[in-house]
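Remarks on the structure that follows.
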Amino acid sequence: RAKDTGKNNYQFYTAQLTSNAIQKMEIETDLRRAVSESLEEFIVFYQPQIELDSGKIAGAEALVRWQISPERRIPPDHFIPAAENTGLIIPLGKQILRQSCLDFLCWHQKGLGLSRISVNVSMIQLLRSPFLEDVLQVLAETKMPAHCLELEVTESALMKENEQVASVLKQLQDLGIQIAIDDFGTGYSSLGRLQNLPIDRLKIDRSFMPKNAQSISDQALITSVISLANNLNLEVIAEGVETEYQAELLTKNHCQLAQGYLYSPPIPSHEFVKWVEQYNQAVML
Ligand code: C2E
Ligand code: MG
Ligand code: MG
Ligand code: MG
(Lines give C-alpha, C1' and ligand atoms only; values in the text may rest on other atoms or scores of the structure.)
(Ligands and ions follow the chains in the order given, each with its own letter.)
Protein backbone atom coordinates (compact mmCIF):
# COMPACT_ATOMS: atom_id res chain seq x y z
CA ARG A 1 0.00 0.00 0.00
CA ALA A 2 1.41 3.36 -1.09
CA LYS A 3 0.85 5.16 2.25
CA ASP A 4 2.97 2.84 4.39
CA THR A 5 5.89 2.27 2.06
CA GLY A 6 7.33 5.81 2.00
CA LYS A 7 9.98 6.30 -0.60
CA ASN A 8 9.31 2.97 -2.25
CA ASN A 9 6.01 4.38 -3.51
CA TYR A 10 7.35 5.56 -6.76
CA GLN A 11 9.08 2.30 -7.53
CA PHE A 12 6.01 0.36 -6.60
CA TYR A 13 3.78 2.46 -8.80
CA THR A 14 6.03 2.41 -11.85
CA ALA A 15 6.45 -1.33 -11.59
CA GLN A 16 2.70 -1.65 -11.29
CA LEU A 17 2.03 0.74 -14.16
CA THR A 18 4.54 -0.94 -16.42
CA SER A 19 3.11 -4.34 -15.79
CA ASN A 20 -0.41 -3.01 -16.36
CA ALA A 21 0.66 -1.37 -19.61
CA ILE A 22 2.36 -4.56 -20.75
CA GLN A 23 -0.65 -6.60 -19.79
CA LYS A 24 -2.87 -4.26 -21.75
CA MET A 25 -0.66 -4.54 -24.83
CA GLU A 26 -0.54 -8.32 -24.54
CA ILE A 27 -4.30 -8.53 -24.31
CA GLU A 28 -4.73 -6.26 -27.33
CA THR A 29 -2.25 -8.24 -29.42
CA ASP A 30 -3.88 -11.51 -28.48
CA LEU A 31 -7.31 -10.09 -29.12
CA ARG A 32 -6.27 -8.93 -32.57
CA ARG A 33 -5.06 -12.45 -33.31
CA ALA A 34 -8.20 -14.12 -31.98
CA VAL A 35 -10.51 -11.79 -33.89
CA SER A 36 -8.59 -12.00 -37.17
CA GLU A 37 -8.17 -15.79 -37.02
CA SER A 38 -11.78 -16.91 -36.88
CA LEU A 39 -13.48 -15.61 -33.75
CA GLU A 40 -13.92 -19.24 -32.69
CA GLU A 41 -12.34 -18.62 -29.28
CA PHE A 42 -15.29 -16.44 -28.31
CA ILE A 43 -18.09 -18.43 -26.77
CA VAL A 44 -21.49 -17.13 -25.86
CA PHE A 45 -23.01 -18.23 -22.55
CA TYR A 46 -26.65 -17.71 -21.63
CA GLN A 47 -28.41 -16.79 -18.42
CA PRO A 48 -32.20 -17.19 -18.07
CA GLN A 49 -34.52 -14.29 -17.30
CA ILE A 50 -37.55 -15.32 -15.25
CA GLU A 51 -41.01 -13.77 -15.21
CA LEU A 52 -41.66 -13.35 -11.50
CA ASP A 53 -45.46 -13.68 -11.37
CA SER A 54 -45.73 -16.79 -13.58
CA GLY A 55 -42.32 -18.36 -13.05
CA LYS A 56 -42.01 -18.67 -16.83
CA ILE A 57 -38.69 -18.21 -18.61
CA ALA A 58 -39.08 -15.04 -20.65
CA GLY A 59 -35.70 -14.95 -22.30
CA ALA A 60 -31.97 -15.16 -21.86
CA GLU A 61 -29.03 -12.79 -21.77
CA ALA A 62 -26.04 -13.56 -24.00
CA LEU A 63 -22.72 -13.12 -22.16
CA VAL A 64 -19.48 -13.64 -24.04
CA ARG A 65 -16.40 -15.52 -22.76
CA TRP A 66 -12.98 -15.78 -24.35
CA GLN A 67 -11.74 -19.38 -24.29
CA ILE A 68 -8.13 -18.61 -25.11
CA SER A 69 -7.01 -22.22 -24.50
CA PRO A 70 -8.70 -25.30 -23.05
CA GLU A 71 -7.53 -24.27 -19.56
CA ARG A 72 -7.95 -20.52 -19.85
CA ARG A 73 -11.26 -18.72 -20.06
CA ILE A 74 -11.18 -14.93 -19.78
CA PRO A 75 -14.24 -13.10 -18.43
CA PRO A 76 -15.68 -10.18 -20.46
CA ASP A 77 -14.70 -7.48 -17.95
CA HIS A 78 -11.06 -8.36 -18.74
CA PHE A 79 -11.21 -7.98 -22.51
CA ILE A 80 -14.27 -5.97 -23.56
CA PRO A 81 -12.52 -2.69 -22.62
CA ALA A 82 -9.53 -3.70 -24.79
CA ALA A 83 -11.89 -4.69 -27.60
CA GLU A 84 -13.48 -1.25 -27.34
CA ASN A 85 -10.14 0.61 -27.33
CA THR A 86 -8.93 -1.22 -30.42
CA GLY A 87 -12.22 -1.14 -32.32
CA LEU A 88 -12.18 -4.95 -32.36
CA ILE A 89 -15.53 -4.80 -30.55
CA ILE A 90 -17.14 -4.10 -33.93
CA PRO A 91 -16.37 -7.45 -35.64
CA LEU A 92 -16.55 -9.22 -32.27
CA GLY A 93 -19.90 -7.67 -31.36
CA LYS A 94 -21.34 -8.59 -34.72
CA GLN A 95 -20.21 -12.19 -34.25
CA ILE A 96 -21.76 -12.32 -30.75
CA LEU A 97 -25.02 -11.01 -32.17
CA ARG A 98 -24.95 -13.57 -34.99
CA GLN A 99 -24.20 -16.46 -32.61
CA SER A 100 -26.91 -15.36 -30.18
CA CYS A 101 -29.53 -15.24 -32.96
CA LEU A 102 -28.47 -18.66 -34.26
CA ASP A 103 -28.64 -20.21 -30.79
CA PHE A 104 -32.02 -18.60 -30.11
CA LEU A 105 -33.44 -19.98 -33.36
CA CYS A 106 -32.05 -23.40 -32.55
CA TRP A 107 -33.82 -23.31 -29.15
CA HIS A 108 -36.98 -22.22 -30.88
CA GLN A 109 -36.82 -25.26 -33.16
CA LYS A 110 -36.44 -27.43 -30.09
CA GLY A 111 -39.67 -25.93 -28.74
CA LEU A 112 -38.12 -24.02 -25.85
CA GLY A 113 -40.69 -21.23 -26.14
CA LEU A 114 -38.63 -18.22 -25.07
CA SER A 115 -39.82 -14.77 -26.18
CA ARG A 116 -36.46 -13.16 -26.73
CA ILE A 117 -32.70 -13.07 -26.49
CA SER A 118 -30.87 -10.08 -24.96
CA VAL A 119 -27.51 -9.06 -26.37
CA ASN A 120 -25.16 -6.51 -24.79
CA VAL A 121 -24.07 -3.71 -27.07
CA SER A 122 -21.14 -1.39 -26.50
CA MET A 123 -21.42 2.32 -27.13
CA ILE A 124 -18.52 2.03 -29.60
CA GLN A 125 -20.68 -0.29 -31.71
CA LEU A 126 -23.61 2.09 -31.58
CA LEU A 127 -21.58 5.13 -32.54
CA ARG A 128 -18.82 3.93 -34.85
CA SER A 129 -20.00 1.05 -36.94
CA PRO A 130 -22.88 1.33 -39.32
CA PHE A 131 -24.67 -0.41 -36.48
CA LEU A 132 -28.14 -0.44 -37.92
CA GLU A 133 -26.87 -2.01 -41.15
CA ASP A 134 -24.90 -4.62 -39.21
CA VAL A 135 -27.97 -5.58 -37.19
CA LEU A 136 -30.19 -5.73 -40.26
CA GLN A 137 -27.65 -7.88 -42.03
CA VAL A 138 -27.43 -10.35 -39.14
CA LEU A 139 -31.23 -10.54 -38.86
CA ALA A 140 -31.57 -11.20 -42.58
CA GLU A 141 -28.74 -13.71 -42.70
CA THR A 142 -29.97 -15.72 -39.71
CA LYS A 143 -33.71 -15.20 -40.42
CA MET A 144 -34.17 -13.91 -36.90
CA PRO A 145 -37.43 -11.99 -36.25
CA ALA A 146 -36.60 -8.49 -34.98
CA HIS A 147 -39.14 -8.67 -32.14
CA CYS A 148 -37.25 -11.61 -30.61
CA LEU A 149 -34.13 -9.50 -30.18
CA GLU A 150 -33.41 -7.19 -27.27
CA LEU A 151 -30.32 -4.99 -27.12
CA GLU A 152 -28.85 -3.95 -23.77
CA VAL A 153 -27.16 -0.57 -23.56
CA THR A 154 -25.59 0.60 -20.30
CA GLU A 155 -27.03 3.61 -18.59
CA SER A 156 -23.65 5.32 -18.19
CA ALA A 157 -23.01 5.06 -21.93
CA LEU A 158 -26.42 6.48 -22.74
CA MET A 159 -25.87 9.55 -20.66
CA LYS A 160 -22.69 10.49 -22.51
CA GLU A 161 -23.81 10.61 -26.11
CA ASN A 162 -27.40 11.55 -25.97
CA GLU A 163 -28.56 12.80 -29.36
CA GLN A 164 -26.99 10.38 -31.78
CA VAL A 165 -27.53 7.35 -29.58
CA ALA A 166 -31.17 8.22 -29.05
CA SER A 167 -31.72 8.37 -32.80
CA VAL A 168 -30.02 5.00 -33.45
CA LEU A 169 -32.05 3.43 -30.65
CA LYS A 170 -35.23 4.88 -32.08
CA GLN A 171 -34.48 3.37 -35.50
CA LEU A 172 -33.78 -0.01 -33.89
CA GLN A 173 -37.02 0.15 -31.95
CA ASP A 174 -38.94 1.06 -35.11
CA LEU A 175 -37.70 -2.24 -36.56
CA GLY A 176 -39.32 -4.04 -33.62
CA ILE A 177 -36.13 -4.61 -31.65
CA GLN A 178 -36.50 -4.13 -27.89
CA ILE A 179 -34.17 -1.89 -25.92
CA ALA A 180 -33.10 -2.41 -22.32
CA ILE A 181 -31.05 -0.07 -20.15
CA ASP A 182 -28.36 -2.12 -18.41
CA ASP A 183 -26.82 -1.44 -14.98
CA PHE A 184 -29.54 1.05 -14.20
CA GLY A 185 -28.87 3.12 -11.10
CA THR A 186 -25.12 3.43 -11.63
CA GLY A 187 -25.19 6.20 -14.23
CA TYR A 188 -26.80 9.13 -12.40
CA SER A 189 -29.57 9.67 -14.91
CA SER A 190 -32.99 10.74 -13.79
CA LEU A 191 -35.95 8.54 -14.52
CA GLY A 192 -37.66 11.55 -16.07
CA ARG A 193 -34.92 11.80 -18.65
CA LEU A 194 -35.49 8.19 -19.63
CA GLN A 195 -39.01 9.10 -20.61
CA ASN A 196 -37.62 10.77 -23.73
CA LEU A 197 -35.59 7.76 -24.79
CA PRO A 198 -36.89 4.77 -26.75
CA ILE A 199 -36.69 2.13 -24.02
CA ASP A 200 -38.71 -0.98 -23.23
CA ARG A 201 -37.05 -2.25 -20.10
CA LEU A 202 -34.84 -1.21 -17.19
CA LYS A 203 -32.30 -3.58 -15.69
CA ILE A 204 -31.63 -2.59 -12.10
CA ASP A 205 -27.95 -3.02 -11.31
CA ARG A 206 -27.16 -5.83 -8.92
CA SER A 207 -25.54 -3.44 -6.43
CA PHE A 208 -29.09 -2.33 -5.57
CA MET A 209 -30.19 -5.77 -4.47
CA PRO A 210 -30.84 -5.75 -0.68
CA LYS A 211 -28.80 -8.44 1.09
CA ASN A 212 -31.49 -9.44 3.62
CA ALA A 213 -34.65 -8.36 5.43
CA GLN A 214 -32.56 -6.12 7.71
CA SER A 215 -31.41 -3.85 4.84
CA ILE A 216 -34.36 -1.51 5.26
CA SER A 217 -33.03 1.51 3.34
CA ASP A 218 -31.87 -0.69 0.44
CA GLN A 219 -35.38 -2.11 0.28
CA ALA A 220 -36.91 1.37 0.14
CA LEU A 221 -34.54 2.34 -2.66
CA ILE A 222 -35.23 -0.66 -4.88
CA THR A 223 -38.98 -0.60 -4.34
CA SER A 224 -39.16 3.08 -5.26
CA VAL A 225 -37.11 2.51 -8.44
CA ILE A 226 -39.49 -0.30 -9.43
CA SER A 227 -42.62 1.77 -8.89
CA LEU A 228 -41.22 4.84 -10.68
CA ALA A 229 -40.19 2.71 -13.66
CA ASN A 230 -43.59 1.05 -13.76
CA ASN A 231 -45.20 4.48 -13.71
CA LEU A 232 -43.21 5.30 -16.84
CA ASN A 233 -44.56 2.09 -18.41
CA LEU A 234 -41.16 0.44 -18.36
CA GLU A 235 -40.76 -3.20 -17.44
CA VAL A 236 -38.20 -3.83 -14.73
CA ILE A 237 -35.71 -6.65 -14.56
CA ALA A 238 -33.60 -7.16 -11.45
CA GLU A 239 -30.02 -8.34 -11.95
CA GLY A 240 -28.01 -10.40 -9.48
CA VAL A 241 -30.92 -12.14 -7.75
CA GLU A 242 -29.25 -14.71 -5.53
CA THR A 243 -31.76 -15.53 -2.78
CA GLU A 244 -35.41 -16.47 -2.30
CA TYR A 245 -35.76 -13.49 -0.02
CA GLN A 246 -34.78 -11.17 -2.88
CA ALA A 247 -37.11 -12.86 -5.38
CA GLU A 248 -40.02 -12.53 -2.96
CA LEU A 249 -39.30 -8.88 -2.24
CA LEU A 250 -39.20 -8.16 -5.98
CA THR A 251 -42.40 -10.08 -6.70
CA LYS A 252 -44.22 -8.32 -3.86
CA ASN A 253 -43.18 -4.97 -5.31
CA HIS A 254 -44.28 -5.72 -8.87
CA CYS A 255 -40.89 -6.16 -10.48
CA GLN A 256 -41.66 -8.13 -13.66
CA LEU A 257 -38.44 -10.05 -14.27
CA ALA A 258 -35.43 -11.44 -12.45
CA GLN A 259 -32.05 -12.81 -13.43
CA GLY A 260 -29.34 -14.25 -11.21
CA TYR A 261 -27.56 -17.17 -9.62
CA LEU A 262 -30.77 -18.13 -7.76
CA TYR A 263 -31.97 -19.51 -11.09
CA SER A 264 -28.77 -20.21 -13.00
CA PRO A 265 -25.36 -18.74 -13.76
CA PRO A 266 -24.58 -18.10 -17.45
CA ILE A 267 -24.02 -21.47 -19.17
CA PRO A 268 -23.21 -22.71 -22.70
CA SER A 269 -26.06 -23.09 -25.20
CA HIS A 270 -26.38 -26.90 -25.02
CA GLU A 271 -26.47 -26.80 -21.21
CA PHE A 272 -28.98 -23.98 -21.37
CA VAL A 273 -31.33 -26.14 -23.44
CA LYS A 274 -31.17 -28.88 -20.81
CA TRP A 275 -31.61 -26.37 -18.01
CA VAL A 276 -34.78 -24.94 -19.59
CA GLU A 277 -36.26 -28.39 -20.18
CA GLN A 278 -35.61 -29.40 -16.57
CA TYR A 279 -36.88 -26.11 -15.21
CA ASN A 280 -40.11 -26.32 -17.21
CA GLN A 281 -40.67 -29.89 -16.04
CA ALA A 282 -40.15 -28.91 -12.41
CA VAL A 283 -42.54 -25.95 -12.68
CA MET A 284 -45.25 -28.12 -14.27
CA LEU A 285 -45.16 -30.66 -11.42
P1 C2E B 1 -23.91 -7.18 -17.51
O2 C2E B 1 -24.45 -7.07 -18.88
O3 C2E B 1 -24.48 -6.29 -16.47
O4 C2E B 1 -24.08 -8.72 -17.12
C5 C2E B 1 -24.39 -9.19 -15.85
C6 C2E B 1 -23.17 -9.78 -15.16
O7 C2E B 1 -23.55 -10.23 -13.86
C8 C2E B 1 -22.60 -11.00 -15.86
O9 C2E B 1 -21.19 -11.00 -15.68
C10 C2E B 1 -23.24 -12.16 -15.08
O11 C2E B 1 -22.51 -13.35 -15.17
C12 C2E B 1 -23.22 -11.60 -13.69
N13 C2E B 1 -24.26 -12.18 -12.83
C14 C2E B 1 -25.43 -12.75 -13.21
N15 C2E B 1 -26.15 -13.15 -12.15
C16 C2E B 1 -25.43 -12.84 -11.05
C17 C2E B 1 -25.66 -13.02 -9.63
O18 C2E B 1 -26.68 -13.53 -9.17
N19 C2E B 1 -24.68 -12.55 -8.79
C20 C2E B 1 -23.54 -11.97 -9.28
N21 C2E B 1 -22.62 -11.56 -8.39
N22 C2E B 1 -23.30 -11.79 -10.60
C23 C2E B 1 -24.23 -12.22 -11.48
P24 C2E B 1 -20.19 -11.31 -16.88
O25 C2E B 1 -20.75 -12.42 -17.73
O26 C2E B 1 -18.84 -11.48 -16.28
O27 C2E B 1 -20.24 -9.99 -17.73
C28 C2E B 1 -19.77 -8.78 -17.21
C29 C2E B 1 -20.08 -7.61 -18.11
O30 C2E B 1 -19.36 -7.71 -19.36
C31 C2E B 1 -21.54 -7.52 -18.52
O32 C2E B 1 -22.31 -6.94 -17.50
C33 C2E B 1 -21.45 -6.66 -19.77
O34 C2E B 1 -21.36 -5.30 -19.42
C35 C2E B 1 -20.13 -7.11 -20.37
N36 C2E B 1 -20.41 -8.07 -21.44
C37 C2E B 1 -20.65 -9.41 -21.37
N38 C2E B 1 -20.89 -9.94 -22.58
C39 C2E B 1 -20.82 -8.91 -23.47
C40 C2E B 1 -20.99 -8.81 -24.89
O41 C2E B 1 -21.30 -9.78 -25.60
N42 C2E B 1 -20.82 -7.56 -25.45
C43 C2E B 1 -20.52 -6.46 -24.69
N44 C2E B 1 -20.37 -5.27 -25.32
N45 C2E B 1 -20.37 -6.52 -23.36
C46 C2E B 1 -20.52 -7.72 -22.75
MG1 MG C 1 -26.24 -6.93 -19.71
MG1 MG D 1 -25.96 -5.28 -15.89
MG1 MG E 1 -22.08 -4.77 -15.92
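Every number for a ligand or one of its atoms is a count from 1 in the order of the listing.
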Q. Heavy-atom count around Glu37 CD within 6.0 Å, excluding the residue itself: above 12?
A. yes
(Q) Distance alone, cut at 3.5 Å: any donor-acceptor contact between the side chains of Gln219 and Asn253? (A) no
Q. Quick one: does Gln256's side chain have a donor or acceptor within less than 3.5 Å of a partner on Val236's backbone?
A. yes
(Q) Can you name the atoms of ligand 1, numbered from 1 with element, that are less than 4.0 Å from a heavy atom of Ser122? (A) 44 (N)
Q) What about Thr154: any of its N or O atoms under 3.5 Å from an N or O on ligand 1? A) no
**Q.** Presence of salt bridge, Lys203 and Glu61, under 4.0 angstrom
**A.** yes
Q: Heavy-atom distances under 4.0 Å are what count here, so tell me which part of Gln259 touches ligand 1: side chain, backbone, both or neither.
A: neither
Q.
Geometry only, no angles: is Glu242 polar-contacting ligand 1 at N/O separations under 3.5 Å?
A. yes
Q: Just go through Gln246, Arg206, Gln47 and tell me whose heavy atom is the nearest to atom 14 (C) of ligand 1.
A: Gln47
(Q) I'd like to know if the side chain of Ser100 pairs up with that of Asp103 as donor and acceptor (distance under 3.5 Å, no hydrogens or angles considered). (A) no
(Q) For atom 31 (C) of ligand 1, tell me which residue out of Leu63, Leu97, Leu92 has the closest non-hydrogen atom. (A) Leu63
Q. Does any N or O atom in Gln125 lie less than 3.5 angstrom from one in ligand 1, N or O only?
A. no
Q) Who gets closest to atom 38 (N) of ligand 1 by heavy atom: Val64, Val44, Ile124, Val119? A) Val64
**Q.** Distance-only N or O hit between ligand 1 and Gly260, under 3.5 Å
**A.** no
Q) Taking all atoms of both residues into account, what is the closest heavy-atom pair of Lys24 and Asn85, and its distance? A) CE-ND2, 3.9 Å
Q.
If I consider every N, O or S atom in Glu61, which one ends up closest to the Mg ion (ligand 2)? I only need its name.
A. OE2
**Q.** Proximal ligand 1 atoms for Pro76, defined as those under 4.0 Å from one of its heavy atoms
**A.** 24 (P), 25 (O), 26 (O), 27 (O), 28 (C), 30 (O), 36 (N), 37 (C)
Q. What do we get for Asp182 next to ligand 1 when only non-hydrogen atoms under 4.0 Å count, side chain, backbone, both or neither?
A. side chain
Q: Kindly indicate whether the side chain of Asp183, heavy atoms from C-beta on, has any atom under 4.5 Å from the side chain of Glu155.
A: no
**Q.** Residue from Arg201, Gln259, Glu239 passing side-chain hydrogen bond (donor to acceptor under 3.5 Å, both in side chains) with Gln49
**A.** Gln259
Q. Where's the contact between Val241 and ligand 1, heavy-atom distance under 4.0 Å: side chain, backbone, both or neither?
A. backbone
(Q) Taking only non-hydrogen atoms of Gly93, do any sit less than 4.0 angstrom from ligand 1? (A) no
Q: Enumerate the atoms of ligand 1 whose separation from the nearest heavy atom of Asp77 is less than 4.0 angstrom.
A: 28 (C), 29 (C), 30 (O)
Q: Apply the side chain to side chain contact (heavy atoms under 4.5 Å, CB included) test between Val168 and each candidate in Val153, Val121, Leu126, Val135; give the one that qualifies.
A: Leu126
**Q.** Subset of ligand 1 atoms that lie under 4.0 Å from at least one heavy atom of Pro266
**A.** 11 (O)
Q: Compute the ring centroids of Tyr46 and Trp275, then answer whether they are less than 6.0 Å apart.
A: no
(Q) Using a 4.0 Å cutoff against the non-hydrogen atoms of Ile96, which atoms of ligand 1 qualify? (A) 41 (O)
Q. N/O/S of Thr154 less than 2.8 Å from the Mg ion (ligand 2)?
A. no
Q. What's the atom name of the N, O or S in Glu152 nearest to the Mg ion (ligand 2)?
A. OE1
Q: With heavy atoms only and a cut-off of under 4.0 Å, state how Asn120 meets ligand 1: side chain, backbone, both or neither.
A: both
Q.
Under 2.8 Å from the Mg ion (ligand 3), is there any N, O or S atom belonging to Glu239?
A. yes
**Q.** Lys203, portion touching ligand 1 at heavy-atom distance under 4.0 Å
**A.** neither
Q. Does even one non-hydrogen atom of Glu61 get within less than 4.0 Å of ligand 1?
A. yes
Q) Under 3.5 Å, side chain of Gln125 to main-chain N/O of Ser122, donor-acceptor pair present? A) yes
Q. Where does the angle between the aromatic ring planes of Trp107 and Phe272 fall among parallel (under 30°), tilted (30 to 60°) and perpendicular (over 60°)?
A. tilted
**Q.** Hphob cluster co-occupancy, Val165 + Ile89, side-chain heavy atoms under 4.5 angstrom
**A.** yes
Q. Has Asp183 got an N/O/S atom less than 2.8 Å from the Mg ion (ligand 3)?
A. yes
Q) Counting distance only, does the side-chain N/O of Gln246 pair as donor-acceptor with the main-chain N or O of Pro210 below 3.5 Å? A) yes
(Q) Does only the side chain of Pro75 get under 4.0 Å from ligand 1, or the backbone, or both, or neither? Count heavy atoms. (A) neither
Q. Which single N/O/S atom of Asp182 lies at minimum distance from the Mg ion (ligand 2)?
A. OD2
Q: Assess whether atom CZ of Arg33 is packed by more than 12 heavy atoms of other residues, nucleotides or ligands within 6.0 Å.
A: yes
